Novice: 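First the structure, which I've put down as structure tokens, then a few questions once you've had a look.
No experiment lies behind these values; they were computed from the predicted model shown. Heavy-atom basis, side chains included; hydrogens, waters and symmetry copies ignored.
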Protein chains: 2
Amino acid sequence: MYYVNDKEYECSVSVTMDIFNDRWKLAVIWYLLENDKRFKELSEDINAISQKTLTIKLKELEEKNIIKREVFAEVPPKVVYSLTPIGRKLKPVLKEMFEWGIQYVKENGKIDNK
Amino acid sequence: MYYVNDKEYECSVSVTMDIFNDRWKLAVIWYLLENDKRFKELSEDINAISQKTLTIKLKELEEKNIIKREVFAEVPPKVVYSLTPIGRKLKPVLKEMFEWGIQYVKENGKIDNK
DNA sequence: TCCCTTACGATACTTTAGGTAAGTAATGAT
DNA sequence: ATCATTACTTACCTAAAGTATCGTAAGGGA
């Protein structure tokens, strides 16, 4: 059994899934693997996400210790998000998902370069 | 760009996420990696899932060509689910998620063996 | 004859995720 | 004096997902 913040998991895959388990968090992690990003940069990268949802997802990821939030005392505000060490270790997971996705599309869809 | 059934994806990770992106499908895949399973076996493995939801998730996975459904003409009914070749290729993805989950719990939670 | 079994389908209800749209604070630029 | 900017917050609404419960087919066993 695995415990994280009083939550119980039978399998470590469920622990991981609790972080992935929505439409947006993986996208946030994906773009933060490129670079540290400001709030606005992320909302441009993931242009279909609403500000409200992005705010919520960033807060959840911070609580789970996947990302770090740094506030700069400037006007207009500047807040920079980056991956924590454990967050950065998600890269191989994303990589496998990336590669599986390509294989899947080759068999079940099509790829259009451009 | 990636296209699967008229749906457009910017990145192959999104393709993969479209399969993972709910509470249950990954669990189904996880248990089918052990063995081919009957409906009832799966609903016992994933004991928190309702029958209706399991039915829906199995149908979705079948439509996406991740699992195969075999009906046996017996009474009481017998239906066996198994992974397709592309479904079985999800194993490395699950493996990375499994290992990341363990690392994460080591840092942020605790593991109780038993 | 009645109950048991499996794999669902139908129905009704509740929960939750996420969207839109508006507002806010603080300051520098015009 | 007003506007633009950034990173949010708040209120409201809808659609999707999930739950619980009942019904059903079809044959075998007591």
Novice: Taking the six-membered ring for Trp, are Tyr81(B) and Phe39(B) parallel (under 30°), tilted (30 to 60°) or perpendicular (over 60°)?
Specialist: tilted
Novice: Which of residues 27-50 of chain A sit near DNA chain C, with a heavy atom under 4.0 Å from it?
Specialist: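 Listed by number, they are Ala48(A), Ser50(A).
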Novice: So how far is it from Arg23(B) CZ to Thr53(B) OG1, rounded to the nearest 0.5 Å?
Specialist: 8.5 Å
Novice: Would you mind reading off the distance between Asp22(B) atom CG and dA17(D) atom P, rounded to a whole angstrom?
Specialist: 8 Å
Novice: Report the distance from atom CG of Asp18(B) to atom P of dA17(D), rounded to the nearest whole Å.
Specialist: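 After rounding, the reported distance stands at 11 Å.
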Novice: For atom CD of Glu44(B), decide whether the heavy atoms of other residues, nucleotides or ligands shown that lie under 6.0 angstrom number more than 12.
Specialist: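 Enclosed.
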Novice: Rounded to whole angstroms, how far apart are NZ on Lys52(A) and P on dT6(D)?
Specialist: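 In whole Å, dT6(D) P lies 23 Å from Lys52(A) NZ.
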Novice: Given atom CD of Glu74(A) and atom C1' of dC8(D), what is their separation to the nearest angstrom?
Specialist: 16 Å
Novice: Find the bend of the helix from dT1(C)-dA30(D) to dT30(C)-dA1(D) as the angle between its two terminal axes (five pairs each), to the nearest 10°.
Specialist: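 Between the first-five-pair axis and the last-five-pair axis there is 20°.
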Novice: Can you see which heavy atom on Phe98(B) is nearest to which on Ser12(A), and at what distance?
Specialist: O-OG, 2.6 Å
Novice: Has the side chain of Tyr104(B) got a donor or acceptor atom that lies under 3.5 Å from a matching backbone atom of Lys64(A)?
Specialist: yes
Novice: Mind calculating the distance between CD (Glu60(B)) and C1' (dG18(D)) to the nearest angstrom?
Specialist: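 After rounding, the gap between these two atoms is 12 Å.
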Novice: Test Arg88(A) against every option in Leu33(A), Leu32(A), Ile66(A), Ile29(A) by the side chain to side chain contact (heavy atoms under 4.5 Å, CB included) rule and name the one that passes.
Specialist: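 Passing option: Leu33(A).
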Novice: Would you say Thr84(A)'s side chain and Asn65(A)'s backbone share a donor-acceptor pair under 3.5 angstrom?
Specialist: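 Side chain of Thr84(A) to backbone of Asn65(A): a pair is present.
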Novice: Under 4.0 Å between any heavy atoms, over every strand shown, what does Tyr81(B) touch: base, sugar-phosphate, or nothing? Just pick one.
Specialist: sugar-phosphate
Novice: Checking the side chain of Ser43(A) only, and the main-chain atoms of Gln51(A) only, is there a donor and an acceptor separated by less than 3.5 Å?
Specialist: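 Here the side-chain-to-backbone pair does not exist.
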Novice: Please check the phosphate of dA16(D) (OP1 and OP2 only) for any side-chain N or O of Arg23(B) closer than 4.0 Å.
Specialist: no
Novice: How many Å lie between CD1 on Ile56(B) and P on dG9(C), as a whole number?
Specialist: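 Atom-to-atom, Ile56(B) to dG9(C), this comes out as 9 Å.
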Novice: Is any side-chain nitrogen or oxygen of Lys25(A) closer than 4.0 Å to OP1 or OP2 of dG18(C)?
Specialist: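 No.
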Novice: Give the rounded distance in Å between these two atoms: NZ of Lys59(B) and P of dC8(C).
Specialist: 9 Å
Novice: Would you kindly give the CZ-to-P distance between Arg69(B) and dA7(C), to the nearest whole Å?
Specialist: 10 Å
Novice: Tell me whether the side-chain N/O atoms of Thr53(A) come closer than 4.0 Å to OP1 or OP2 in dA17(C).
Specialist: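 No, outside the criterion.
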Novice: Closer to the 5' end of DNA chain C via nearest nucleotide, is it Pro76(A) or Trp24(A)?
Specialist: Trp24(A)
Novice: Within the pair Lys57(B) and dA17(D), is there a side-chain N or O less than 4.0 Å away from OP1 or OP2?
Specialist: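 Looking at the OP1 and OP2 atoms of dA17(D), neither is under 4.0 Å from any side-chain N or O of Lys57(B).
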Novice: Just how far is it from atom NZ of Lys68(B) to atom CG of Asp36(B), taken to the nearest 0.5 Å?
Specialist: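 Answer for the NZ-CG pair, Lys68(B) versus Asp36(B), is 8.0 Å.
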